[in-house]
Trainee: 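Following this message is one structure expressed as structure tokens.
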Amino acid sequence: MTTSNVARAAIAALIAAAFATSARAEIKNYEFQLMQPTVKAGADRIVTVRLVNKASGKSVPDAVVFASRLDMAPDGMQEMATKVTPVPGSEPGTYRFKATFGMAGRWQLSLGAKVQGETGTVENKLVVTAEQ
């Protein structure tokens, strides 16, 4: 009886470890992609991104997405940051943000998301080029 309980506990532990490992690995299967890599410099510009499952190539709707920062880090000006405001997406799996691009150059959009059914956070840094 004791051997049977130990065997069951060992099997349960292996199954739990397998699920935990696959859940942690799966969050890496998601990424944000820019819909348009350039915007016009100025106020109230819209940046649209798509959250994609890299394994299937499909868009991921209903994720909890938050924009943490938009700055000019790619051009060495991290202190040049601007506010990012989420706006409703136009189709499932796309996420839109309104921001002011105060000058032409490369801007880094840092995003995070929680995907339903997955543990961990998707985090990406995307470069948007603002043009005159």
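For clarity, every value in this text was computed on a predicted model and none was experimentally measured.
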Trainee: Once you round to the nearest 0.5 Å, how far does OG1 of Thr48 lie from CZ of Arg96?
Mentor: 5.0 Å
Trainee: Take Val49 and Leu111, measure what side-chain contact (heavy atoms from CB on, under 4.5 Å) needs, and give me the verdict at the end.
Mentor: CA-CA 10 Å; Val49 300; Leu111 297 171; 3.9 Å; yes
Trainee: Looking at side-chain heavy atoms only, is the closest gap between Val122 and Val115 below 4.5 Å?
Mentor: yes
Trainee: If every non-hydrogen atom of Val87 is compared with every non-hydrogen atom of Lys98, which pair is closest and at what distance?
Mentor: CG1-CB, 4.1 Å
Trainee: For Leu34 and Val47, run side-chain contact (heavy atoms from CB on, under 4.5 Å): C-alpha distance rounded to whole Å, both residues' side-chain angles, the deciding distance at 0.1 Å, then the answer.
Mentor: CA-CA 8 Å; Leu34 283 171; Val47 176; 3.9 Å; yes
Trainee: In terms of hydrophobic clusters joined by side-chain contacts under 4.5 Å, are Phe97 and Val52 together?
Mentor: no
Trainee: For Gln132, I'd like to know if atom CD has over 12 heavy atoms of other residues, nucleotides or ligands within 6.0 Å.
Mentor: no
Trainee: Side-chain heavy atoms under 4.5 angstrom apart, residues restricted to Ile, Leu, Val, Met, Phe, Trp, Tyr: same cluster for Met35 and Leu70?
Mentor: no
Trainee: Working to the nearest 0.5 angstrom, can you tell me the gap between Ser56 OG and Asn29 CG?
Mentor: 9.0 Å
Trainee: For the residue pair Gln33 and Glu31, confirm or rule out a side-chain donor-acceptor distance under 3.5 Å.
Mentor: yes
Trainee: Go through the side-chain N and O atoms of Thr129 and Arg106 and say whether any donor and acceptor fall under 3.5 Å apart.
Mentor: no
Trainee: Applying ring-ring contact (aromatic ring centres under 6.0 Å, His included), name anything that partners Phe101, two or more places apart in sequence or on another chain.
Mentor: Trp107
Trainee: Let me confirm one number: the CG-CZ distance from Leu51 to Phe32, rounded to the nearest 0.5 Å.
Mentor: 4.5 Å
Trainee: Mind listing the closest non-hydrogen atom pair of Ser110 and Lys125 along with its distance?
Mentor: OG-NZ, 3.6 Å
Trainee: Backbone N or O of Ala63 within a donor-acceptor pair of the Tyr95 side chain at under 3.5 Å?
Mentor: yes
Trainee: Could you grab the distance from atom CD of Glu91 to atom OG of Ser59, nearest 0.5 Å is fine?
Mentor: 7.0 Å
Trainee: Would you say Ile46 ends up clustered with Val65 if hydrophobic residues are merged whenever their side chains have heavy atoms under 4.5 Å apart, either directly or through other cluster members?
Mentor: no
Trainee: After noting the C-alpha distance and the side-chain angles of Thr121 and Phe66, does the key distance pass the side-chain contact (heavy atoms from CB on, under 4.5 Å) rule?
Mentor: CA-CA 11 Å; Thr121 301; Phe66 49 93; 4.0 Å; yes
Trainee: I need the single residue from Gln78, Met103, Glu79, Gln108 that forms a side-chain contact (heavy atoms from CB on, under 4.5 Å) with Met72. Which is it?
Mentor: Met103
Trainee: Check step by step if side-chain hydrogen bond (donor to acceptor under 3.5 Å, both in side chains) holds for Thr94 and Arg50.
Mentor: CA-CA 4 Å; Thr94 63; Arg50 187 170 84 121; over 6 Å; no
Trainee: Without swapping roles, check the side chain of Lys54 against the backbone of Lys28 for a donor-acceptor pair under 3.5 Å.
Mentor: yes
Trainee: Can you tell me how far apart CZ (Arg45) and OG1 (Thr100) are? Round to the nearest 0.5 Å.
Mentor: 8.5 Å
Trainee: Check Pro74 against Val127 and note the closest heavy-atom contact, atom names and distance.
Mentor: CG-CG2, 4.0 Å
Trainee: What closest approach, in Å, do Ala41 and Ala104 show between heavy atoms, and which atom pair accounts for it?
Mentor: CB-N, 4.1 Å
Trainee: How far does CE of Met77 sit from CG of Asp71, to the nearest 0.5 angstrom?
Mentor: 10.0 Å
